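Worksheet for the structure shown next.
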There are 2 protein chains.
Amino acid sequence: MALTLGLVQHACDDTTETNWQRTADGIAEAAARGAELILLQELHSGPYPCFEAHPRHFASAEPIPGPSTARLAELATRHNAVIVGSLFERRAAGLFHNTAVVLERDGRLLGCYRKMHIPDDPGYYEKFYFTPGDAGAAGHAGAGHARGKRQRGFVPIDSSVGRLGLLVCWDQWFPEAARLMALAGAELLLYPTAIGFDASEPANEQARQREAWQIVQRGHAIANGLPLAACNRSGHEAAARFWGRSFICGPQGEMLAEAGEEPAVIVAEVDLRRSEAVRCMWPFLRDRRIDAYADLSERFRDCGCGGGCGSGGGCSGD
Amino acid sequence: MALTLGLVQHACDDTTETNWQRTADGIAEAAARGAELILLQELHSGPYPCFEAHPRHFASAEPIPGPSTARLAELATRHNAVIVGSLFERRAAGLFHNTAVVLERDGRLLGCYRKMHIPDDPGYYEKFYFTPGDAGAAGHAGAGHARGKRQRGFVPIDSSVGRLGLLVCWDQWFPEAARLMALAGAELLLYPTAIGFDASEPANEQARQREAWQIVQRGHAIANGLPLAACNRSGHEAAARFWGRSFICGPQGEMLAEAGEEPAVIVAEVDLRRSEAVRCMWPFLRDRRIDAYADLSERFRDCGCGGGCGSGGGCSGD
């Protein structure tokens with residue numbers, strides 16, 4: 001079951017129509033190169049708003065379904081491709097999310113994923129804007145999870161090209177997110193993202209950050225025996241220089257396609273059957289110690305000694 | 001707080017004294033190059049026994065404390081270095097573990113870690129030999145966990161050179177293990193290991209496997225903001241060609257030292273203060289969604305629809 005996957009990496013400026021034109025052109029190019037599934041970057045219709053914390057940016061939010069899903073539906077239908085987009089969702093007055101959406105080839109909205117892990121760093125003030133996605137109910141996901149009826153937690157979205165483990169940007173640093181998607185049957189891990197350098201950082205630090213960003217995600221692919229794609233934006237905005245480097249890797253973390261820092265469309269063929277073979281060779285899911293993982297739901301495992309264990313600062317007793 | 005860390009990667013043959021001489025020579029070299037913490041490879045005193053499943057290999061198991069910990073204690077004292085060793089532990093008749101041990105500079109046995117995730121693949125028949133390490137009690141670790149009083153689960157071991165997150169080989173593929181050690185305050189992640197190629201595999205598959213092995217572990221370093229070292233064996237034994245490539249990386253996954261496939265001693269200085277800076281820049285521990293991670297203790301999140309959700313083979317309903 002070979003799937004041709006395309007990623008559209010572009011710069012954004014203040015003109016919404018220009019950004020949509022870049023997105024549409026990229027989708028057209030990816031489709032012309034055979035892509036049946038096309039992944040866009042995070043918040044692709046405008047400049048990244050979180051470089052500052054200002055209420056005026058809430059005006060760019062929109063409902064789901066809404067203008068962005070309508071445009072994406074039209075593009076999906078026109079190019080007969082499943083499209084994964086990203087938008088600033090207004091769920092209710094004063095309640096906003098950073099949300100990824102999946103449009104089927106026939107334009108149907110299959111479901112959405114609301115970013116679960118929200119960053120807040122200088123230049124990335126996301127906690128001001130985005131409420132974290134709702135936690136799912138404890139225990140097993142119920143029937144219907146795959147059809148967009150639930151939009152809670154780490155729930156993959158079924159499409160004609162497979163069960164999509166859709167996550168967003170900051171989620172990419174958390175092995176828990178990738179694992180939960182894999183355990184819920186995801187066949188691909190997909191990350192729309194917007195990450196860049198702080199211009200004040202030295203070149204070697206910039207290189208370490210960019211390499212870490214790829215390595216940790218390739219690690220998720222390996223640990224879960226799944227192909228993975230991350231689509232990052234390009235270009236300079238405010239203080240950030242978005243580093244591009246969108247990539248597609250296979251279930252052993254092997255690079256299948258990689259963009260540079262400039263705008264680019266990359267396309268690769270992903271053989272979903274390889275996950276089966278790789279997981280049978282390295283059967284990690286067989287050997288997980290689920291009897292010993294309860295503390296993953298703890299914030300930190302303080303030793304509880306009240307400071308008496310003599311282990312120094314690592315033991316706060318709180 | 002700079003720490004000089006050394007790794008001793010060597011081949012093993014059927015002569016125990018030869019293997020111990022190689023270990024001792026490597027420790028001496030690492031210490032001469034300034035190592036205060038020396039990590040050995042998995043089961044370093046003999047050939048890897050699990051290439052076949054045969055009861056005769058149980059004869060090479062030993063208690064803790066025992067002959068290996070006595071030798072390691074002597075080497076630790078002689079070289080004034082903390083040593084992390086690995087042995088085939090006989091805990092009781094018919095009850096064996098694959099266990100790593102920590103010896104303090106003064107020769108004291110500080111604690112041990114019993115391998116939690118046990119592989120079983122062609123040529124790596126570990127489930128025949130090794131009982132998985134006991135799961136820890138649920139919830140927080142109790143006082144005294146750092147002094148070797150408990151040898152359960154993912155519990156780091158305190159030493160004069162830091163709180164050591166000691167794991168073994170197959171554990172290295174499981175993000176859960178690294179995370180639990182980090183949440184318990186580990187300052188370093190350490191993996192004695194024995195992994196190699198199957199000679200029947202083509203070169204490109206061998207390269208993917210070896211690269212995946214490094215990438216997934218560098219990913220753990222990144223996700224947890226911790227330095228990490230893996231010490232692998234070298235040489236041909238039975239059907240395996242152990243691939244060496246022992247390495248030390250920093251908390252952004254950046255390579256600090258790396259061996260080739262041949263026997264080698266590698267040494268690097270690790271600045272434990274960098275973890276503090278890296279974790280403040282990328283504060284992943286701040287943003288973990290512990291309200292949404294309960295399903296990490298599930299084997300698989302089947303959707304529970306009884307096959308009616310229309311999602312195909314991924315939905316077994318069991």
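Note on naming: letters A, B, ... go to the chains in the order of the sequence lines (proteins, then strands), and numbering restarts at 1 for each one. Worth knowing before you read on, the calculation uses all heavy atoms, side chains too, and leaves out hydrogens, waters and symmetry mates. This one's a predicted model, so the numbers in the text were calculated from it and none came from an experiment.
Of the listed residues (B/Ala221, B/Pro283, B/Ala177, B/Ala178), the greatest number of heavy-atom pairs within a distance under 4.5 Å of chain A belongs to B/Pro283. Between chain B and the options A/Arg218, A/Met116, A/Glu254, heavy-atom pairs under 4.5 Å are most frequent for A/Met116. Interface remark: of the candidates B/Glu187, B/Arg286, B/Gln214, B/His220, B/Arg286 forms the most heavy-atom pairs closer than 4.5 Å to chain A. Annotation: maximal heavy-atom pairing with chain B below 4.5 Å, among A/Phe154, A/Trp213, A/Phe174, occurs at A/Phe174. Counting heavy-atom pairs under 4.5 Å between each of B/Ala207, B/Ala186, B/Gly250, B/Ala223 and chain A puts B/Ala223 at the top.
Under the 4.5 Å side-chain criterion, counting only non-hydrogen atoms from C-beta, B/Phe284 is not in contact with A/His117.
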Using the side-chain contact (heavy atoms from CB on, under 4.5 Å) rule, take B/Asp287 and A/Lys127 through it: C-alpha gap first, then chi angles, then the decisive distance, then the call.
CA-CA 10 Å; B/Asp287 292 332; A/Lys127 289 193 196 294; 2.7 Å; yes
Given the rule in the side-chain contact (heavy atoms from CB on, under 4.5 Å) test, do A/Ile222 and B/Glu211 qualify, once you have shown the distances and angles that lead to the verdict?
CA-CA 10 Å; A/Ile222 295 162; B/Glu211 286 164 21; over 6 Å; no
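Across every non-hydrogen atom of B/Gln252 and A/Ala212, the tightest pair is O-CB, 3.5 Å. In this structure, B/Trp282 and A/Trp173 approach most closely via the heavy-atom pair CH2-CH2, 3.7 Å. Here the closest non-hydrogen pair linking A/Pro132 and B/Arg289 is CB-NH1, 3.2 Å. Closest approach of B/Ala182 and A/Phe300 over heavy atoms only: O-CE1, 3.6 Å.
The CG atom of B/Asp121 sits 11.0 Å away from the SG atom of A/Cys280 when rounded to the nearest 0.5 Å. Distance CG/A/Leu180 to CG/B/Leu296: 4.0 Å, rounded to 0.5 Å. Of the inter-residue distances, the one linking B/Arg301 atom CZ with A/Met181 atom CE reads 8.0 Å to the nearest 0.5 angstrom. For the atom pair CG of A/Asp291 and CZ of B/Arg299, the computed distance is 8.0 Å after rounding to the nearest 0.5 Å. Annotation: the span from A/Arg288 atom CZ to B/Glu298 atom CD amounts to 9.5 Å, rounded to 0.5 Å.
Proximity to chain B is absent for every atom of A/Gln217, based on heavy atoms less than 4.5 angstrom apart. The parts of B/Asp120 that come within reach of chain A are both its backbone and its side chain, each placing non-hydrogen atoms under 4.5 angstrom from that chain. Heavy atoms closer than 4.5 Å to chain A are found nowhere in B/Pro122, neither backbone nor side chain.
Under the 4.0 Å criterion applied to side-chain N and carboxylate O atoms, B/Arg179 and A/Glu176 are assigned as salt-bridge partners.
Taking a 6.0 Å sphere around CD of B/Glu276, one finds it holds 12 or fewer heavy atoms contributed by other residues, nucleotides or ligands.
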